[in-house]
Number of protein chains: 2
Amino acid sequence: MNAAVQPLRTASERSAPPGETDASALDAIGALPRETLGERVTGELRTLLVAGRLAPGEKLSLRRVAEALGVSMMPVREAVSRLAADGALEVLPGRAVRVPVLSLAQFRELTRLRLVVEGFAAEEAARQATPADIDRIVAFDAAFRQAASADPPDSAAAVAANRDLHFALYEAAAMPSLIEMIERLWLKAGPILNLDMRHEPRRLEGGSAMQAHARLLEAVRRRDAPAARAALEDDIAAAAAHIAETGQLRA
Amino acid sequence: MNAAVQPLRTASERSAPPGETDASALDAIGALPRETLGERVTGELRTLLVAGRLAPGEKLSLRRVAEALGVSMMPVREAVSRLAADGALEVLPGRAVRVPVLSLAQFRELTRLRLVVEGFAAEEAARQATPADIDRIVAFDAAFRQAASADPPDSAAAVAANRDLHFALYEAAAMPSLIEMIERLWLKAGPILNLDMRHEPRRLEGGSAMQAHARLLEAVRRRDAPAARAALEDDIAAAAAHIAETGQLRA
DNA sequence: CCAACCTAACTGTGATCACAGATCACGACA
DNA sequence: TGTCGTGATCTGTGATCACAGTTAGGTTGG
């Protein structure tokens, strides 16, 4: 069922640091990542969701995911609990857990919220972006361009680059809670959005996304917040319109 | 430690419907509530958090909460997992789980996000509100007025009425995901906001909240979206300014 | 009198087991 | 042929146990 789920052995990769007493060396090492298994499973599922590799309506089984990842059922339960709390997954009453199937109304609401929230983030990013931020955005824009312009288009790479581009922009706003909000929106809309981009790479050829990205980048360079918002809104609206027309949404 | 946590016995309140075959009777009964224990614990903790009855920095113990609620540790783990994913609780690396202590910068970011998101909700509510919606808002406004004007002010009732008033407004916008977003913001800001209102009920006497509510209500009645947003923004900003001055926030 | 050690209690995490309820396929009855 | 009952199988939920890591309190040694 879940061929997309990669093994994730419980490798205890915390290498015990030897008895080192040199102060300079101790200062150099940072706090080691101390990530719990449940968090890693959560991250794994999140990645699959925003990438559209788990299709809407697809059913997951705690035991199967646990087996596929090489862990017990416990961490998977925790991950599913969190994602279900975010609305990224839904647990049917007594049945199974599955990727939510959005209705057209729900998708429209999500799009409106994205326009408000991500539009605000774009404005703030245009005001606060550092040269380093802009460099990162430029890099991801180039990656997206290359993936979208290839023949045939590399849809997987385009999806990833598109995500990186957007979040590089939002991170320039330097508002952590804002980014969390946007991630939650992407988690909900990701399955349809990216499933579509993955299945219909021809949409990339239209170039509307690349055009919007170019205008966005230009606006950020000029620190023109309203223009950045406008460009981003066009990007979101164009993708949403395409989904609303051709996507598979519930009535 | 958690005297605030109310017992929550595992009462199986699902009354088995008798073998009724009358079609009209079958149509009348709705789906019975089927709530899992973990969800009830989550709701219990959410209520305590937004009401400010769990103070920032307060530490929780899974076992103690479980014992206080009369359930096993398992549902509490699930509830804490969800709330931690929302940032409403935080789990220290290897230590304990506690209510987050916001820094001044984090609180300011939350306030800005509230202005954006709840401001949008107020606009939309002003456009979409039905007479029934307005009636509900009026009722909660009256309750808030009464609690705040009493001598001494009934801070607990004021906190509850204030919450009900705001969410009655937001629900008039008829955008479920928007309400989830706002609830998450309140979950983060609630502990300081309402802890403050609870400890310093004198702030209520200033009447700035009541004045803002009155303007808000008037704007909704007139279907004046910009005015509704302005009134709500004043309400949020006034409370936030008071916290930033006197509240206990980390540097 | 203060600091360092050490032990006992407690923490969240993960695994395993038990169970009620839902699903699905097969077969009996009408 | 169509429909309902029925059983095996699988689902998520909850409880219990085991464990490594941390914390706090008391004690010892300086």
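Note that the structure is a prediction, hence the values are computed from the model and not measured. So you know, we letter chains A, B, ... as the sequences are listed, proteins then strands, and number each from 1.
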Per nearest nucleotide of DNA chain D, the residue lying toward the 5' end, A/Ala96 or A/Met74, is A/Ala96
Taking the six-membered ring for Trp, are B/Phe167 and B/Tyr170 parallel (under 30°), tilted (30 to 60°) or perpendicular (over 60°)? perpendicular
Side-chain contact check for A/Pro75: nearest option of D/dA15, C/dG14, C/dG12 is C/dG14
Taken to the nearest whole Å, CD/B/Glu67 to P/C/dC10 is 11 Å
Minimum side-chain heavy-atom gap A/Met181-A/Arg184 below 4.5 Å
no
In whole angstroms, the gap separating C1' of D/dA15 from CZ of B/Arg63 amounts to 13 Å
B/Glu90 CD to C/dG12 P, in whole Å, measures 13 Å
Note to self: Tell me whether B/Glu78 is salt-bridged to A/Arg77, with the criterion being a basic N under 4.0 Å from an acidic carboxylate O.
What the structure shows: no
Apply salt bridge (charged side-chain N to carboxylate O under 4.0 Å, His left out) to A/Arg40 and A/Glu44, showing your working.
CA-CA 6 Å; A/Arg40 289 178 59 183; A/Glu44 197 73 15; over 6 Å; no
Verify the contact: side-chain N or O of B/Ser61 to OP1 or OP2 of C/dT11, cut-off strictly under 4.0 Å; return yes or no. yes
N/O (side chain, A/Arg64) to phosphate O (OP1/OP2, D/dT11) under 4.0 Å: yes
Between CE of B/Met73 and P of C/dT13 the distance, given in whole Å, is 9 Å
Which part of the nucleic acid does A/Val80 contact within heavy-atom distance under 4.0 Å: base, sugar-phosphate only, or nothing? nothing
query = Counting only side-chain N and O atoms of B/Arg77, is one of them less than 4.0 Å from OP1 or OP2 of C/dG14?
reply = no
Quiz item: Do B/Arg98 and B/Leu89 come within less than 4.5 Å of each other through their side chains, counting heavy atoms only?
Solution: no
B/Arg82 atom CZ is separated from D/dT13 atom C1', nearest whole Å, by 11 Å
Closest of D/dA24, C/dA15, C/dC24 to the A/Lys59 side chain is C/dC24
- Message: Check this one for me: any side-chain N or O of A/Thr36 less than 4.0 Å away from OP1 or OP2 of C/dG14?
- Response: yes
B/Glu39 CD to D/dG12 P, in whole Å, measures 14 Å
Whole-Å distance, B/Leu37 CG to D/dA15 P, equals 6 Å
Rounded to whole Å, the CZ-C1' distance (B/Arg98 to C/dC10) equals 18 Å
